[in-house]
Protein chains: 2
Amino acid sequence: MVRKPTSKETARKPNMREAILAAAEELFATNGFNAVSVRDIAQAAGANPGSVTYHFKTKDGLLLEIYRRHCGPMNLRRSELLAAARRVRDLQDRLEAVVRAYVVPAFTSGSDLAGGGARFTRLRAVMSAEGNEVARKIIAQTFDDTSHAFIDAIHESLPHIPRTDIVWRSHFLLGALYYSLVTPDRVSRLSRGEADGSDAASAIEQLVQATVAAFQAPALDQAAPMRRRPVVSSKT
Amino acid sequence: MVRKPTSKETARKPNMREAILAAAEELFATNGFNAVSVRDIAQAAGANPGSVTYHFKTKDGLLLEIYRRHCGPMNLRRSELLAAARRVRDLQDRLEAVVRAYVVPAFTSGSDLAGGGARFTRLRAVMSAEGNEVARKIIAQTFDDTSHAFIDAIHESLPHIPRTDIVWRSHFLLGALYYSLVTPDRVSRLSRGEADGSDAASAIEQLVQATVAAFQAPALDQAAPMRRRPVVSSKT
DNA sequence: ATGTGATTTGTACTATCGTACAAAAGATCA
DNA sequence: TGATCTTTTGTACGATAGTACAAATCACAT
């Protein structure tokens with residue numbers, strides 16, 4: 001007997017479940033978690049409010065499923081690109097490749113959906129700003145490994161920089177990345193229309209260029225070696 | 001007759017209005033606007049919910065008043081520091097001074113309250129992530145002038161870098177600044193306790209050091225002059 | 001065609017939201 | 001003290017939140 005795959009296995013037909021996930025992702029990423037109601041999501045997906053409860057049980061469950069959908073593919077993509085970057089011989093080139101391996105998936109991929117990476121990354125940015133508990137948990141247990149791998153890779157390219165400084169700078173990188181996705185219009189506004197903040201390619205190149213230079217900055221201890229010391233010293 | 005100043009003029013006694021403002025600022029900055037109810041704020045301030053309505057009319061009005069309280073002093077402080085930074089002769093030193101003039105007030109001042117600057121900056125970060133309308137308006141009309149002034153000052157120190165690149169990099173700076181205030185614990189975690197993400201002095205020094213280097217990076221057009229071109233080209 | 005399990009709909013329940021408003025309490029000065 | 005203005009309290013109202021659940025509908029193997 002040739003058993004046709006059930007709808008649960010295929011998702012070949014236009015699926016309500018998928019529509020709800022997509023709508024929720026879009027709305028959460030733009031307005032935050034608390035500002036969006038289950039009814040808003042259902043309406044945007046052309047579904048019934050009760051349908052959300054059926055598929056995801058709770059609103060938190062819906063958010064959790066969005067994360068589950070993206071985290072795997074995105075980290076996979078990053079691992080591949082990172083592995084390739086590690087094989088670059090020249091240390092300078094390798095640093096740029098590593099940074100690019102971190103940045104590119106955040107903007108361009110992360111799931112099967114085309115261009116859904118930016119949306120999901122923006123979602124993560126907004127959730128982290130809201131201090132969302134569900135997001136905090138899943139982020140810490142999913143992304144920290146990846147982050148450590150990148151920090152190690154960067155440290156390999158810059159052995160003379162203390163790991164602490166690398167952590168700070170990679171934190172800045174993530175912040176810059178997030179903010180570029182959250183308010184791209186600000187770039188357009190401040191450049192008086194000369195730059196397009198929502199152009200992913202520009203954002204990537206600018207971010208990679210700036211970040212590589214930031215990583216290459218002298219370590220804090222040996223900073224300003226024959227210049228005036230900073231007004232507020234950290235710990236000397 | 002020696003007219004005693006009325007309470008409206010002095011605010012000398014422990015003021016309920018101030019307590020509500022402080023509580024709201026703290027709660028909004030940590031949990032976002034929508035996640036915090038008027039009743040939460042009242043309880044944290046030891047006040048009655050109706051008292052919030054009396055002093056600020058609406059929840060939006062409360063947020064607006066928080067912004068009004070901080071924007072003036074913070075921009076004033078920044079203008080002073082920027083003016084002083086502009087007088088630095090050496091271009092390299094001037095760049096660092098300008099960046100510092102931008103960063104320091106965000107962490108340390110911004111109002112009469114001691115150390116309230118970081119809280120307000122974090123609030124702005126969270127509001128921008130949530131796409132809050134009240135915040136968006138007041139930010140655009142209050143901070144864009146300051147941002148332009150800083151961009152101009154940085155451009156003066158780096159005349160060979162296109163203004164577009166400077167805008168992008170200053171945008172990254174703000175993103176990094178915001179993110180450092182939103183999730184300082186991540187720095188502590190990723191550095192395995194070696195760095196304290198919530199130490200303002202460290203954050204400032206690390207941010208200034210990294211950002212100055214980022215600004216000094218070669219312009220995008222002339223980037224990678226005799227190296228391989230980036231995989232994803234922006235517009236060439 | 002029909003029965004069966006998966007899905008969608010419609011609706012209802014309780015909790016909490018922002019806000020309004022009258023009454024109580026406190027402060028100020030003739 | 002008593003009159004007047006400011007502030008605080010207590011409570012209530014309508015709207016909307018998340019979720020539950022029974023009925024209706026759909027997909028599909030037999």
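A note on names: the letters A, B, ... follow the listed sequences, proteins ahead of strands, and every chain is numbered from 1.
Residue Val38(B) places its side chain closer to dG18(C) than to any other of dT8(C), dT19(D), dG18(C). The side chain of Tyr54(A) has dT7(C) as its nearest neighbour among dT7(C), dC17(C), dT19(D). Comparing dT19(D), dG10(C), dT8(C) against the side chain of Asn48(A) picks out dG10(C) as the nearest. Among the nucleotides dA20(D), dA20(C), dA12(D), the one closest to any side-chain atom of Thr53(A) is dA20(D). Considering only the side chain of Ser51(B), dT8(D) comes nearest among dA17(D), dT8(D), dG18(C). For Lys59(B), the side-chain atoms get nearest to dT19(C) when compared with the rest of dT8(D), dT19(C), dA20(C). Distance from the side chain of His55(A) is smallest to dT7(C) among dT9(C), dT7(C), dG18(C).
Rounded to whole angstrom, the span from the CE atom of Met16(A) across to the P atom of dT25(D) amounts to 18 Å. Taking atom CZ of residue Phe56(B) and atom C1' of nucleotide dG18(C), one finds them 16 Å apart after rounding to whole Å. The CZ-P distance, from Arg39(B) to dC13(D), rounds to 14 Å in whole Å. Note: CG (Asn15(A)) to P (dT7(C)) measures 8 Å, nearest angstrom. Rounded to an integer number of Å, the gap from Gln43(A) CD to dG10(C) C1' is 16 Å. Straight-line distance from the CG atom of Asn34(B) to the C1' atom of dG18(D): 16 Å, rounded to whole Å. dT7(C) atom C1' lies 15 Å from atom NZ of Lys57(A), rounded to whole Å.
A cation-pi contact, defined as under 6.0 Å to the ring centre and within 45° of the axis, is absent between Arg124(B) and Tyr178(B). Arg186(A) forms no cation-pi arrangement with Tyr179(A), by the criterion of a distance under 6.0 Å to the ring centre and an angle within 45° of the ring axis.
In summary, the aromatic rings of Phe120(B) and Tyr67(B) are positioned with their centroids under 6.0 Å apart.
A pairwise comparison of heavy atoms in Leu82(A) and Ala153(A) identifies CD1-CB, 3.8 Å as the closest pair.
Looking at heavy-atom distances under 4.0 Å, Ser37(B) makes contact with sugar-phosphate atoms alone, never a base. In this structure, Arg17(B) reaches neither bases nor backbone, as no heavy-atom distance under 4.0 Å exists between it and the strands shown.
Interatomic distance, Ile151(A) CD1 to Ser191(B) OG, rounded to the nearest 0.5 Å: 8.5 Å.
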